[in-house]
Q: 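One structure coming up, written as structure tokens, with questions to follow.
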Number of protein chains: 2
Amino acid sequence: MLPAKRRARILEVLRAEQMVSLKDLSEALGISISTVRRDVDYLEEAGYLSRTHGGAISTARASTTFEPEAAIALAIESAAKAAIGAAAAQLIQPGQSVLFDSGTTTAAAARAAAGLTIPFTAMTNDVMIASCLSQNALVQTSVTGGTIRSGTTTLLGADAVNSVARLRADIAFVGTHAITPDVLSDTSLELADLKRRFLAAADRVILLVDSSKFFNRAFCAFGETSAVDLLLTDSRISADATAALKDRGIELRMVDIAP
Amino acid sequence: MLPAKRRARILEVLRAEQMVSLKDLSEALGISISTVRRDVDYLEEAGYLSRTHGGAISTARASTTFEPEAAIALAIESAAKAAIGAAAAQLIQPGQSVLFDSGTTTAAAARAAAGLTIPFTAMTNDVMIASCLSQNALVQTSVTGGTIRSGTTTLLGADAVNSVARLRADIAFVGTHAITPDVLSDTSLELADLKRRFLAAADRVILLVDSSKFFNRAFCAFGETSAVDLLLTDSRISADATAALKDRGIELRMVDIAP
DNA sequence: GAGGCATTTTGAACTATTTTGGTAGATGTT
DNA sequence: AACATCTACCAAAATAGTTCAAAATGCCTC
């Protein structure tokens, strides 16, 4: 394992546990105490954590922005999404047609899907997801058309809506900005309009949401949770949220993010 | 595999994974550790990533916003194309609608156009060009839709053709794989079909060709040189080629590049 | 175009450096 | 005092740097 990755995982554990012993870290990561000690010393020097006798504790400013190693921060933030994405990709069967909504979590699914060795057909309204999937020669990748929201990679507008509206797909991977026990919502009318089409166009709607989205509400509702066939999230979801969703009969699957 | 392609793929992997070991890259791309090391060192020197022991980490601030400009810079890797692209961008007037064909030379034009401070509307069948242009909030960027040729960023097929067919644009920047004094040609039927639509859809067709394309012939003709309103090329074009084109009354403009 | 020469690129072998995991004694904690 | 943790050091492993021959590419002449 790469030193940088190892350190990122140490911080990840620390964020979840608040404090952890070197011995536990050594066992959890499968590396020697000596290496853990060196890594923790390095991270203390860089200001990511504080040392105690026999362990480390997370510093308060760990959640704010830190400059020196942006990659570490990114790794932590995207760990949940990457895990959800990987689980999502596993659901694709050979020959199926798959819709990929635009978004960071669905992008993680696309990355994982691009690594599969099975053929399938994909359509997306995100140019980044498109170029990612098209790297794999087994994946027939189509793009919806439409107009790009400036500064993003998302295609919206009438062309995008029409492209999706005339499709019938096996699976749709859909993301959402916010979710309550009953309602999915996002930030703009155009986005909501398109997501509504995604929900309608697929036999099986799989919602990809990391645990930070529960339970919030955004400007525009685009569907009900009952329209979701499977909800993929990470294990940091609260017990309350789990219970509320199960009450409504929503199939829920959690992916573990602690190593 | 082409060095530029290889480096682009390394960056692609890095964007997805945040950090990778050289060993993994070597296995994933099927090339030796030595070559990976050289590529990664080169990319570090150019500022696309940073090195760690045994691997590389992404320097991109946000892992989700991939950097089309960087990708384009890698794809172009030619002073002639960059110069032609810069000259092309200068031709855009405020408020015009502009079509960008897929290709490395037109990508250079898109890159330069994204740096302009005037508003215009753009449509393209290349997802890399699209995401590059969309970085500029003054540019309203649309994408044709269609299916991606595996390993490229080009959208083709009926959707792409239909999107272009119903347009009327002020300018079309079109590239070509080969050019003779009379005929423009490219490598596949699908490509040719779409380029034909580009020629028909714009009031002013501007052909962007670096001097290496004279005079060659590719598999599929898609138009005549007489359909071209302005031909932009570099100063390495031969005198013979210049004469032959001028004989046919084609307006020709050369951009200076170092010999 | 075809063939031959120069240049660049690639992959492998080898050496130098860094990193890792273990050990022993010193230091700190309960 | 008993135990755990820390520091310092060492050998083994992994990685970086260097060099070189083979392969690929570009270039020129015919």
Q: Just by distance, with hydrogens left out, do Thr176(B) and Lys195(B) show a side-chain donor and acceptor under 3.5 Å apart?
A: no

Q: Would you mind building the protein contact string for nucleotides 14-30 of chain D? One character per nucleotide, 5' to 3', B for base within reach (heavy atoms under 4.0 Å), S for sugar-phosphate only, - for untouched.
A: -SB--------------

Q: For residues 112-124 of chain A, please give each side-chain donor-acceptor pair under 3.5 Å, one per line with the distance, not counting sequence neighbours.
A:
residue   : atom : partner   : partner atom : Å
Thr124(A) : OG1  : Phe100(A) : O            : 2.9
Thr124(A) : OG1  : Asp126(A) : N            : 3.0

Q: Does Arg9(B) have any salt bridge (charged side-chain N to carboxylate O under 4.0 Å, His left out) partners at least two apart in sequence or in another chain, and if so, which?
A: none

Q: Not counting sequence neighbours, list each pair that qualifies as a salt bridge (Lys or Arg N to Asp or Glu O under 4.0 Å) and has a residue in residues 44-57 of chain B.
A: Asp41(B)-Arg51(B)

Q: Kindly write out the residues that satisfy side-chain hydrogen bond (donor to acceptor under 3.5 Å, both in side chains) with Thr141(B), not counting sequence neighbours, or none if the list is empty.
A: none

Q: Output all residues satisfying side-chain contact (heavy atoms from CB on, under 4.5 Å) with Asn136(A), sequence neighbours left out; order by chain, then residue number.
A: Leu138(A), Val139(A)

Q: What is the 5' to 3' range of DNA chain C, first to last nucleotide, that sits under 4.0 Å from any heavy atom of chain B?
A: dT10(C) to dT19(C)

Q: To 10°, what angle do the rotation axes through the five end pairs on each side of the helix from dG1(C)-dC30(D) to dT30(C)-dA1(D) form?
A: 50°

Q: Apply salt bridge (charged side-chain N to carboxylate O under 4.0 Å, His left out) to Asp182(B) and list each qualifying residue two or more places apart in sequence or on a separate chain.
A: Arg248(B)

Q: Could you tell me which residues satisfy salt bridge (charged side-chain N to carboxylate O under 4.0 Å, His left out) with Glu251(B), sequence neighbours excluded, listed by chain and number?
A: Arg253(B)

Q: Test of understanding: with salt bridge (charged side-chain N to carboxylate O under 4.0 Å, His left out), list the residues that count as partners of Arg196(B), not counting sequence neighbours.
A: Asp193(B)

Q: Could you list the residues that satisfy side-chain contact (heavy atoms from CB on, under 4.5 Å) with Thr35(B), not counting sequence neighbours?
A: Arg6(B), Ile31(B), Ser32(B), Arg38(B), Asp39(B)

